[in-house]
Amino acid sequence: MTLIERLITIGMVILGTVATRLLPFLVFPADKPTPKYIQYLGKKLPSAALGLLVIYCFKDVRLFIGTHGIPELISVAMIIALHIWKRQMLISIAGGTIIYMLLVQFVFLPN
Amino acid sequence: MYRLMKFNEVLKLNEKTKAFKAAFPHTAPILAGFVFLGIAYGIYMNTAGFSAAYPIVMSATIFAGSMEFVAVNLLLGAFDPMRALALTLMVNARHLFYGISMLDKYKGTGSKKYYLIFGMCDESFSINCTTDIPMNVDKGWFMFFVTLLNHSYWVCGATIGGILGSVVQFNTKGLGFVMTALFVVIFLAQWMKENTHDSALLGLGVSLLCLILFGGRNFIIPAMIIILACLTLLKNPLEKAGTSVGP
């Protein structure tokens, strides 16, 4: 690819990303009343979108090969337990990440 | 008049400082995650044969992590701009959900709104969508600083990685899990705040089902369509359930 072709490719990726972020705001401008149905979605979607995002994080986990997603499962269980116990975001996040790093670096070694 | 203006300026400055101080702690896990992932991205670009200018410019202008990794492959392949656009729209389609969720929250944030929309990555969305911003903190500036801090962490990481190349030697394997941990905790916190868990369960269940059925590369769009269909079909019962127990 030439430099111009590369710049055009990067430009298309920028355009696509901005489009997905901007589209709802273009379709439903702030100065006009948002349709009732969209207001309802605006209330219900955040939790559903966060659920989608959590699953999205695990999209590359393979259940039938490698570590079978066991380190991920243990670490998520740890995060949930820590969060119910302490209710401190940073403790839950740091705890879960450290457990995961220890698991993939020392316990579940690639064979 | 001069003193009054000065007073107003001080107030505005205080407003920004306050918002910055309130925003920073929420972005701390992202500082760790983005700097690490950004370094990984910069190194990846470096080993693919691109100068540091590429990860720096791309991290600043695209600001969508997973898509930037995909873009490296696009740049290495044959020139096909329409395919690049189509692929980006698919990978980033989940942002449409974020936009609809934030229509109300971004109202009244003035010209900051354009930057908030540009910088609405997964992490900024989840923080801005779920945080209860203190009454005495300006919500527009709070969301602005959350977005700006996340953006700068990502660019810093990509710059370090792009310049240092493969110099980094310590064992960071698994550190990227910090982002997963962040989303799990945000999901949990949101769960604990809610009276009803219908849409949280719907998002989790439908997405998991679609991941099993369609695989990691193709599950997002069917998941979004099914979530929208379910929410539409269940509109009346869900709205009733929401009002009877709601505050």
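A, B, ... follow the sequence lines: proteins, then strands. Residue 1 opens every chain. The figures that follow rest on heavy atoms only: side chains count, while hydrogens, waters and symmetry mates do not.
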Looking at [options], which makes the most heavy-atom pairs under 4.5 Å with chain A?
options                                : value
B:Ser207, B:Gly108, B:Ala84, B:Gly119  : B:Ser207
B:Leu201, B:Val91, B:Leu188            : B:Leu188
B:Leu76, B:Leu85, B:Thr130             : B:Leu85
B:Ser101, B:Pro81, B:Ala181            : B:Ser101
B:Arg217, B:Lys105, B:Met224, B:Lys235 : B:Lys235
B:Leu89, B:Leu75, B:Val184             : B:Leu75

Looking at [X] and [Y], what are the two nearest heavy atoms and their distance?
X        : Y        : answer
B:Met179 : B:Ile30  : CE-CG1, 4.2 Å
A:Ser47  : B:Gln190 : OG-NE2, 3.4 Å
B:Ala223 : B:Val206 : O-CG1, 3.7 Å

Between [options], who has the most heavy-atom pairs with chain B when the cutoff is under 4.5 Å?
options                            : answer
A:His83, A:Arg21, A:Met12          : A:Arg21
A:Ile84, A:Asp60, A:Leu63, A:Leu41 : A:Leu41
A:Leu53, A:Thr9, A:Leu15, A:Ile98  : A:Leu53
A:Thr20, A:Ile8, A:Ile79           : A:Thr20
A:Gly42, A:Ser92, A:Ala19          : A:Gly42

Checking heavy atoms, do the side chain of [X], its backbone, both or neither come under 4.5 Å from chain A?
X        : value
B:Ala93  : backbone
B:Phe219 : side chain
B:Met192 : side chain
B:Leu211 : side chain
B:Phe50  : side chain
B:Tyr98  : side chain
B:Ala86  : neither
B:Cys210 : neither
B:Glu194 : side chain
B:Met120 : both

Given 3.5 Å as the limit, does a donor-acceptor pair link the side chain of [X] with the main chain of [Y], or not?
X        : Y        : value
B:Glu68  : B:Ile62  : no
B:Thr131 : B:Asn128 : no
B:Ser59  : B:Ala158 : no
A:Glu5   : A:Thr2   : yes
A:Thr67  : A:Ile70  : no

* To do: Measure centre to centre between the rings of A:Tyr100 and B:Phe177, then say whether the value is under 6.0 Å.
  =>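 Distance test on ring centres: under 6.0 Å, yes.
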* Do the ring centers of B:Phe118 and B:His151 come within less than 6.0 Å of each other? -> yes
* **Criterion side-chain contact (heavy atoms from CB on, under 4.5 Å) on B:Phe125 and B:Asp122, from CA distance to verdict** => CA-CA 5 Å; B:Phe125 159 73; B:Asp122 300 316; 5.9 Å; no
* To do: Cation-pi check, B:Lys113 to A:Phe25: give yes when NZ or CZ is under 6.0 Å from the six-membered ring centre and within 45° of the ring axis, no otherwise.
  => no
* **Within 45° cone of A:Tyr56 ring axis and under 6.0 Å: B:Arg94 NZ or CZ** =>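 Checked: cation-pi criterion met.
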* Asked: Should the ring pair B:Tyr41 and B:Phe69 be called parallel, tilted or perpendicular, given that the plane angle runs from 0 to 90° and is split at 30 and 60?
  -> perpendicular
Using non-hydrogen atoms and a 4.5 Å limit, figure out which bit of [X] sits close to chain B: side chain, backbone, both or neither.
X        : answer
A:Leu103 : neither
A:Val18  : side chain
A:Met1   : side chain
A:Leu102 : neither

* To do: Could you walk me through whether A:Lys43 and A:Ile38 pass the side-chain contact (heavy atoms from CB on, under 4.5 Å) test, one step at a time?
  => CA-CA 9 Å; A:Lys43 276 193 214 106; A:Ile38 300 300; over 6 Å; no
